[in-house]
Asker: 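Please see the structure below; I have some questions.
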Protein chains: 2
Amino acid sequence: MREQGERADAAKNRARVLAAAAELFRDRPAETVTMEDIARAAGVGKGTLYRRYPSREAIAVALLDDHERALQEQLIAGPPPLGPGAPPAERLATFYRAVTDLLEQHGHLALAGETGARRFGTGAYGFWRAHVGSLLTAAGIAEGRAALVDLLLAPLAPELYRYQRDAGLSSRQIADGLTVLAERVLA
Amino acid sequence: MREQGERADAAKNRARVLAAAAELFRDRPAETVTMEDIARAAGVGKGTLYRRYPSREAIAVALLDDHERALQEQLIAGPPPLGPGAPPAERLATFYRAVTDLLEQHGHLALAGETGARRFGTGAYGFWRAHVGSLLTAAGIAEGRAALVDLLLAPLAPELYRYQRDAGLSSRQIADGLTVLAERVLA
DNA sequence: GGAATAGGTGGACGTCGCGTCCAGTTATAA
DNA sequence: TTATAACTGGACGCGACGTCCACCTATTCC
């Protein structure tokens, strides 16, 4: 699926690692899952595990990848308002909602892999930056643009979503708040 | 300074610990400073250190405390636009700028202590929540209020500030972006 | 089909930071 | 001065990390 030069046995082990990690991350808090746990659950040695994934975070990012890529395609070429064709404010609100859904479904993976400052280094973040940047331009907002892009992505931090959900807010309430934000900022 | 029942030698050691930690945090990245480093630099044993501070984070929070309290007083009783009396949008923008300044000066401490999800548990965060909540009310924004409070505080995450600064944005640019945000959201 | 080889495998091992524990010490009260 | 409570500091056990390397196995080339 990723490397074609990959040997058959290696590919099988990669799949087992990902499957085992997915299950572990589903079952318990990310920070309690050790590399050794994943190796054992996958029936693989630590050396093998480290050969491919240098850290727990890298595994979580690999698991998230598919879901994030699907969203990226929608943003580029999907139907409006997620894809091109709708007014910027509406597109931003829809984007917010889509990420919210993603966090609701796969938040545990995001918390395992894209926490804190690491988040800014991922490919997904770069893509989202470009997306929001283009929406700002489309809305005719030039002032403070460079900083605004990141400021508008900050509310999507996985930790924040988790905190708000734990504080009793529903997924709907959070998405609604983000909608208000989107509409007011992109006027 | 904190406990009056504290023995003289204990108080001296507390001061030494805080001074040593402040210096270490200033000199190198927070995550490379170990509890053992702090103990050694303070000329104190690990047991003594742990007696007062359960973690590196707790020490950083203690060091930040003074600065944050000063801001809190300004917000409650200081002159406008930071304190009461100015229109909500202006007060939010000023608040944003004040926190930005704080991050510029003491960001290393914030990164050492109030990173990720831990941030939401601090007293300062609770206070800021209340502040922004009251500004939302004053601005007549009821829709999505519960979630909006946290969403408007998200851009102040220490990791984000550091990331933006490292990406080449000036403190000024970030503050300007925040000002645009404040003015647009609180109309 | 059989060697050669590049790549894959796994677990033992060294290292490091954490946090505890407790025997000895010192301030404070009686 | 003695009794007591609080404080001190370093030795220690633990757990996770990440490396290393001797041993396999799929693949390639003749």
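Proteins come first, then strands; the chains are lettered A, B, ... in the order of their sequence lines, and each starts at number 1.
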Asker: State whether the side chain of B:Arg91 and the backbone N or O of B:Gly83 hold a donor-acceptor pair below 3.5 Å, judged by distance alone.
Answerer: yes
Asker: Any chance you could lay out the side chain to side chain donor-acceptor pair (under 3.5 Å) test for B:Thr34 and B:Glu36, step after step, and finish with the verdict?
Answerer: CA-CA 5 Å; B:Thr34 74; B:Glu36 199 142 11; 5.4 Å; no
Asker: Compare side-chain N and O positions of B:Arg7 against OP1 and OP2 of D:dC7 and report whether any pair is under 4.0 Å apart.
Answerer: no
Asker: Whole angstroms only, please: what is the CG-C1' distance between B:Asp37 and C:dG17?
Answerer: 10 Å
Asker: Do A:Arg14 and A:Tyr53 meet the criterion of a side-chain donor-acceptor pair at a distance under 3.5 Å?
Answerer: yes
Asker: Side chain of A:Thr34 only, please: which of D:dA16, C:dG8, C:dC18 is the nearest?
Answerer: D:dA16
Asker: B:Val61 and B:Leu103: same hydrophobic cluster, using ILVMFWY side-chain contacts below 4.5 Å?
Answerer: no
Asker: Distance check needed: D:dC7 P versus B:Tyr50 OH, whole Å only.
Answerer: 19 Å
Asker: Please work out which of the three classes, parallel, tilted or perpendicular, describes the rings of A:Phe120 and A:Tyr125, given edges at 30° and 60°.
Answerer: perpendicular
Asker: Does B:Asn13 put a side-chain nitrogen or oxygen below 4.0 Å from OP1 or OP2 of D:dT8?
Answerer: yes
Asker: In whole angstrom, what separates A:Glu31's CD from C:dC18's C1'?
Answerer: 16 Å
Asker: Can you measure B:Leu49 atom CG to C:dC21 atom C1' for me and round it to whole angstrom units?
Answerer: 16 Å
Asker: Just how far, in rounded Å, is P of C:dA12 from CZ of A:Arg40?
Answerer: 12 Å
Asker: Take atom CE of A:Met35 and atom C1' of D:dC17, then tell me their distance rounded to the nearest Å.
Answerer: 9 Å
Asker: Between A:Gly47 and A:Val33, which is nearer to the 5' end of DNA chain D once each is assigned its nearest nucleotide?
Answerer: A:Val33
Asker: Measure from NZ on A:Lys12 to C1' on D:dA26 and round the result to the nearest Å.
Answerer: 12 Å
Asker: Go nucleotide by nucleotide along DNA chain C from the 5' end; which of B:Glu36 and B:Ala8 gets its closest nucleotide reached first?
Answerer: B:Glu36
Asker: Does B:Arg52 have a side-chain nitrogen or oxygen under 4.0 Å from the phosphate oxygens OP1 or OP2 of D:dT8?
Answerer: yes
Asker: Which nucleotide in the list D:dT8, C:dG19, D:dG18 gets nearest to the side chain of B:Asp9?
Answerer: D:dT8
Asker: Atom OH of B:Tyr53 to atom C1' of C:dG19: distance rounded to whole Å?
Answerer: 18 Å
Asker: Is the distance from OP1 or OP2 of D:dG9 to the nearest side-chain N or O of B:Thr48 less than 4.0 Å?
Answerer: yes
Asker: Are OP1 or OP2 of C:dG17 and a side-chain N or O of B:Arg56 less than 4.0 angstrom apart?
Answerer: no
